[in-house]
Amino acid sequence: IIAFLYCIIILGGVLMIDLSTPDTLLYDSAVLSSYIRKNTKESFGYIFFDNIDYITKLYNDNRMRDVTYKNILDTILCGSVYLGFDTYECPDCGFETTIPHTCKSRFCSKCAAKSAKQRSISISAMTFSCKHRHIVFTVAQELRDYFIRDRSLLDLLFIASRNTISALANDAKFRKNKRLKKHRKLRKSSSPYLYKDTKDNVVFGAISTLHTFGRPLEFNPHIHMLVCQDALNLRKDCIKSLAYMDFNKLRKTWMFQILDLLDRKINTRQFHALKDYLYKNYPDGFYVYAKEPKKDQSEDDVDDTVAYITRYTNRPVMAESRIVEYNDTTKMIHWFYNRHEDDKRIDVTERVERFIQKVIRHCPDENFKMTRYYGFYSNRSTRHYNRMAELLAHKQKKETQYKKERQAIAKIQIQKTHFRYFMIQSFQRDPIKCRCGMIMNYAETYNPFEGGRKNDIPYKERCIYTSKYLRSQTINAKRS
């Protein structure tokens with residue numbers, strides 16, 4: 001307590017900080033403990049905090065996007081009272097405790113793990129209990145620079161992969177339209193989505209996620225798609241199997257769809273030349289991974305695939321367990337990855353500045369949807385979803401579960417990921433249970449971002465540099 005008060009006196013006297021304002025809440029020890037070995041050196045929070053000067057310089061030099069900088073600041077402040085907190089009070093003994101707010105940042109492993117788990121629960125609850133195929137759509141290395149220079153082009157990866165499956169599911173219609181297009185009798189659609197404006201389609205169900213990285217953290221955008229192998233034939237009102245896929249057609253259709261969409265969007269001579277080059281050098285189309293599901297595929301197998309493809313939609317590009325050592329004196333970092341081809345471990349030792357640049361370039365733009373739903377799995381497609389549920393229930397001789405019922409189940413399961421429930425299940429500790437044994441009551445919330453200040457960068461910067469000063473003072477006091 002004395003040491004803590006001493007730090008407050010230093011801050012109030014030397015730094016001239018107004019301790020009466022909410023912006024400089026320093027009465028909770030969480031402010032200090034957040035940065036003194038609570039986060040290990042091998043964590044993104046500590047690495048960003050220790051290199052905040054370098055990161056701020058990148059941002060001030062316009063070499064970093066606003067959304068990336070905000071996510072980094074939030075990651076550093078996660079779990080401290082600077083992001084706000086909830087206060088609970090014991091009705092018996094009057095003891096009070098505070099639970100700091102979390103950051104929900106793209107770079108925070110703790111927050112993002114919870115978000116990914118919630119998304120996985122939601123998807124697993126909505127997928128039908130039938131076979132699903134995991135498909136990975138990749139692009140040629142020559143195209144990657146276009147996506148990193150203009151991130152709006154990443155939308156086209158979703159559209160092209162969706163159109164590829166739609167073309168395979170509606171094969172007869174696709175071949176008919178191809179003949180009409182050849183004779184210039186096909187009316188052009190204003191929508192980039194294939195067969196969106198036509199009737200009597202075969203409606204498939206698919207869930208897509210975007211990954212922009214490979215294991216060495218290079219920029220390698222690709223789509224992971226989970227496709228239901230049973231589709232809904234609207235014309236015949238029956239189930240159509242999509243178990244068989246022509247891999248040659250799958251790869252070539254994917255290549256055609258993505259290059260056609262990019263050509264319409266970019267429309268430059270340079271890209272036209274690149275497009276001709278790619279068709280010449282990739283005669284079999286772009287690589288697509290589409291391994292057949294196991295014959296005895298169970299619901300657990302589908303859930304495992306869902307967990308895999310959604311794992312990195314909200315999380316950092318790599319697990320913190322892959323960071324072997326970070327030396328904050330020499331500014332060198334040692335991390336590893338397992339090579340995709342042979343699963344051999346590759347160790348990398350490099351400057352921390354280089355590592356930070358590799359990590360932060362994968363942060364998506366604000367409000368960019370990393371997971372998207374198509375066909376009867378689409379949020380809008382209640383009628384097709386319910387009809388598919390009826391047909392599958394009749395085929396499997398099970399009770400029909402409609403969309404509303406599945407959404408209610410998902411809601412209950414997501415509630416189990418709440419902080420209090422998670423702490424009880426994982427650590428057998430109730431965070432709002434008083435030391436006297438009573439359950440504390442909610443008292444109040446302090447939110448420093450009321451009134452539209454959620455993205456208040458100067459406030460967050462001030463909090464970080466205050467904590468950095470506190471850390472340096474504490475370390476010096478220990479040494480002396």
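Atoms considered below: every heavy atom in the structure, side chains included; atoms not considered: hydrogens, waters and symmetry mates.
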Could you walk me through whether Lys265 and Asp150 pass salt bridge (charged side-chain N to carboxylate O under 4.0 Å, His left out), step by step?
-> CA-CA 11 Å; Lys265 182 85 172 179; Asp150 183 2; 5.7 Å; no
Are His362 and Thr212 close enough, and set up right, to give a side chain to side chain donor-acceptor pair (under 3.5 Å), and what steps lead you there?
-> CA-CA 6 Å; His362 298 290; Thr212 60; 3.0 Å; yes
Determine, step by step, whether Tyr282 and Arg251 satisfy the side chain to side chain donor-acceptor pair (under 3.5 Å) criterion, reporting the C-alpha distance in whole Å, the side-chain angles of both residues, the deciding distance to 0.1 Å, and the verdict.
-> CA-CA 10 Å; Tyr282 292 85; Arg251 294 179 62 162; over 6 Å; no
Derivation of the side chain to side chain contact (heavy atoms under 4.5 Å, CB included) call for Arg383 and Phe376 | CA-CA 8 Å; Arg383 181 167 60 88; Phe376 49 72; over 6 Å; no
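At least one side-chain heavy atom of Arg162 sits less than 4.5 Å from a side-chain heavy atom of Tyr193. You'll find the side chain of Tyr465 reaches within 4.5 Å of the side chain of Ile52, heavy atoms only. For the pair Ile464/Leu77, a side-chain contact is recorded, criterion being any heavy-atom separation below 4.5 Å from C-beta on.
Checked against the 6.0 Å centroid criterion, the rings of Phe449 and Tyr459 qualify as a close aromatic pair. In this structure, Phe48 has its ring center under 6.0 Å from that of Phe107. Taking the six-membered ring for Trp and the full ring otherwise, His222 and His224 have centroids separated by under 6.0 Å. Side-chain rings of Phe128 and Tyr377 approach one another, their centers coming within less than 6.0 Å. Aromatic ring centroids of Phe271 and Tyr146 lie under 6.0 Å apart.
His134 and Tyr289 have perpendicular rings, their planes meeting at more than 60° on a 0 to 90° scale where under 30° would count as parallel.
Test Met370, Arg65, Lys369 against Pro364 for side chain to side chain contact (heavy atoms under 4.5 Å, CB included) and you get one pass: Met370. The only member of Lys117, Gln425, Gln118 that meets side chain to side chain donor-acceptor pair (under 3.5 Å) when paired with Thr417 is Gln118.
Between His334 and Asp347, the shortest heavy-atom contact is NE2-OD2, 2.8 Å. Between Ser467 and Tyr82, the shortest heavy-atom contact is OG-CE1, 3.1 Å.
Atoms CZ and OG, on Phe44 and Ser105 in that order, are 10.5 Å from each other to the nearest 0.5 Å. Atom CD of Gln257 is separated from atom CG of Leu157 by 12.5 Å, given to the nearest 0.5 angstrom. A distance of 8.5 Å separates OH in Tyr59 from CG in Leu73, rounded to the nearest 0.5 Å.
At a threshold of 4.0 Å, the pair Asp230-Lys240 does not count as salt-bridged, since none of the basic side-chain nitrogens sits closer than that to a carboxylate oxygen. Taking the charged nitrogens against the carboxylate oxygens, Lys252 and Asp284 have no contact shorter than 4.0 Å, which rules out a salt bridge.
Asn163 and Tyr195 share no side-chain donor-acceptor pair at under 3.5 Å. Side-chain polar atoms of Gln357 and Tyr54 form a donor-acceptor pair below 3.5 angstrom. Side-chain atoms of Glu42 and Trp335 form no donor-acceptor pair, as typed in the model, at a separation below 3.5 Å.
Enclosure of atom OH in Tyr277 is not indicated, since only 12 or fewer non-hydrogen atoms of other residues, nucleotides or ligands lie within 6.0 angstrom. Shown here is Lys411, whose NZ atom has no more than 12 heavy atoms of other residues, nucleotides or ligands within 6.0 Å. A 6.0 Å sphere centred on NE2 of His272 holds more than 12 heavy atoms belonging to other residues, nucleotides or ligands.
Taking the ring axis of Phe336 as reference, the NZ or CZ atom of Arg345 stays within 45° of it and closer than 6.0 Å to the ring centre.
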